[in-house]
Structures are given as structure tokens and as C-alpha cells.
Amino acid sequence: TFYKELLAYAKEHPDMDFLHRPHPLAMSHFLEIGALTQEQIDDYRNQCQALPNVSLDTQREYEATFWESSVLVSDISGIVPEYFSTGKPLVFCPGNMELELAPYIQRMLQGCYLVYTPEELFAVLEQLKQGIDPLREKRQALIRELFGDLQASPSKAIVESIAEDA
């Protein structure tokens, strides 16, 4: 959503690393609907390559990237629940989307930082950079509520579930 602003922010903050991971079909979709031109897409990719603290992730798999990251900035995406379950801060940018979100997603967003402007985004990033994460405990409680005890043995949980059903 704020890709231009994020690139400018990255340029001003060489002490922070940024990984951009647009949806694999995003650029072709934006080109198709006229939201971006090929020149703008090429310029975006060139800017990512030109900044030493910015990478453009085009790998198919993303799980390892999640565990190496400190925070995710995202709009609506299927990876939001997966990232949320890591316990790391998630900054959600709803923009002007009018979406009917599933109840568990609405609940999850209570543990996320919701931002609507680049200024709000950068304020949250600065706060997190300083180790200030007011939603940490709320996020941990929501993870337990929505996903159960992720630290427990999955095989034990399966056996217990089967035993309860028997």
C-alpha cells in the first residue's frame, strides 16, 4: 500500500533492513488493471535493488523469511494468520478496503497495529525499533486463544483430540 513511502523511509534508515514481498501476481494484476505502468514496476524493482538495506523477495517459499524477520507490514493477505502465529508484531494496513473479515481475523487484528497513513506506519516502526511493543501480551493471549498452545507437541495434541472424540 505504501510502497513508495516505505522505500523513502528505508533510504532514510540505513540501520534497518527491509524485505519487500509483493504477492506473486500483484505486479501483473496492477499492470492489467492500470494501477501501475510497466515503467513504474521497473522503477520499483530498480529502487529495491539500489538500496543496500532493501531486498525484493521473489522466492516461492516464505516460512523461513517469517522466522528471520522482526515485523510484518501487510495489507489483506492469506499469510497474515501464519505470521500472526509467530508472535512477532504485525502492522496491518487496511487502507480504504471495505472487507467483511472472518470473525477470527477480526479477533486477530486486535493484537495487530492498524495504520491508515504512512506517518502512522513509521511511528509504529520507530516504536518497535525501540523495543516498545504495547500489543505483545495481547498478541500472545490471542495466539493461545485462536491457535492453542503452539509450544506443545503437535502429535500429543492430535492424540489428545482423538482420545476426546473416542
Side-chain angles (χ1 to χ4, degrees), residues 1-136 139 142-143 146:
T1 303
F2 306 127
Y3 79 94
K4 290 178 186 176
E5 292 88 348
L6 268 170
L7 287 171
Y9 183 81
K11 189 173 187 176
E12 295 169 7
H13 294 83
D15 58 323
M16 298 172 74
D17 291 326
F18 296 84
L19 178 72
H20 288 237
R21 185 181 173 85
H23 187 280
L25 302 176
M27 297 304 169
S28 60
H29 174 72
F30 293 147
L31 188 60
E32 183 179 308
I33 65 169
L36 293 174
T37 65
Q38 186 61 52
E39 183 179 325
Q40 290 171 312
I41 293 170
D42 293 342
D43 183 53
Y44 164 70
R45 289 182 176 139
N46 291 335
Q47 285 184 60
C48 288
Q49 290 177 346
L51 293 168
N53 60 332
V54 175
S55 297
L56 186 58
D57 186 1
T58 58
Q59 299 300 311
R60 182 180 174 132
E61 299 299 322
Y62 54 84
E63 291 83 4
T65 305
F66 277 11
W67 293 107
E68 294 172 10
S69 68
S70 301
V71 62
L72 174 69
V73 177
S74 183
D75 56 9
I76 192 68
S77 170
I79 64 172
V80 166
E82 288 180 70
Y83 194 86
F84 185 82
S85 72
T86 69
K88 298 177 182 188
L90 197 152
V91 182
F92 187 75
C93 308
N96 59 2
M97 293 183 275
E98 292 286 333
L99 300 172
E100 286 192 37
L101 300 173
Y104 82 96
I105 296 287
Q106 292 175 12
R107 189 85 176 104
M108 197 181 313
L109 290 180
Q110 294 175 12
C112 298
Y113 297 94
L114 273 64
V115 300
Y116 295 89
T117 67
E119 294 76 24
E120 290 175 338
L121 171 60
F122 303 144
V124 169
L125 290 178
E126 287 297 325
Q127 177 179 296
L128 293 170
K129 180 180 170 185
Q130 295 172 23
I132 302 168
D133 183 1
L135 292 177
R136 179 179 290 136
R139 198 167 46 252
L142 285 166
I143 290 169
L146 297 169

Please confirm whether the backbone N or O of [Y] pairs with a side-chain atom of [X], one donor and one acceptor, at under 3.5 Å?
| X | Y | value |
| --- | --- | --- |
| N53 | D15 | no |
| E82 | I79 | no |
| Q40 | T37 | yes |

- Task: Indicate yes or no: at least one non-hydrogen side-chain atom of Y3 is less than 4.5 angstrom from one of L36.
- Result: yes

- Message: Under 3.5 Å, is there a donor on one side chain and an acceptor on the other for Y83 and S77?
- Response: no

- Considering all heavy atoms, the nearest P22-L56 contact: CD-CD1, 3.7 Å

Per-pair distances, 0.1 Å, donor-acceptor, side chain in residues 24-32, under 3.5 Å, sequence neighbours excluded:
from	atom 1	to	atom 2	distance (Å)
S28	OG	L25	O	3.1

State the [atom1]-[atom2] distance between [X] and [Y], to the nearest 0.5 angstrom.
| X | Y | atom1 | atom2 | value |
| --- | --- | --- | --- | --- |
| L121 | E126 | CG | CD | 10.5 Å |
| N46 | Y44 | CG | OH | 11.5 Å |
| L90 | L135 | CG | CG | 10.5 Å |

- Tell me the ring pair (Phe, Tyr, Trp, His ring centres under 6.0 Å) pairs involving residues 101-136, sequence neighbours left out? Y9-F122

- Query: Out of K88, Q127, R139, which residue meets the side-chain hydrogen bond (donor to acceptor under 3.5 Å, both in side chains) rule with D133?
  - Reply: R139

- Is it true that atom CD of E39 has more than 12 heavy atoms of other residues, nucleotides or ligands lying nearer than 6.0 Å? no

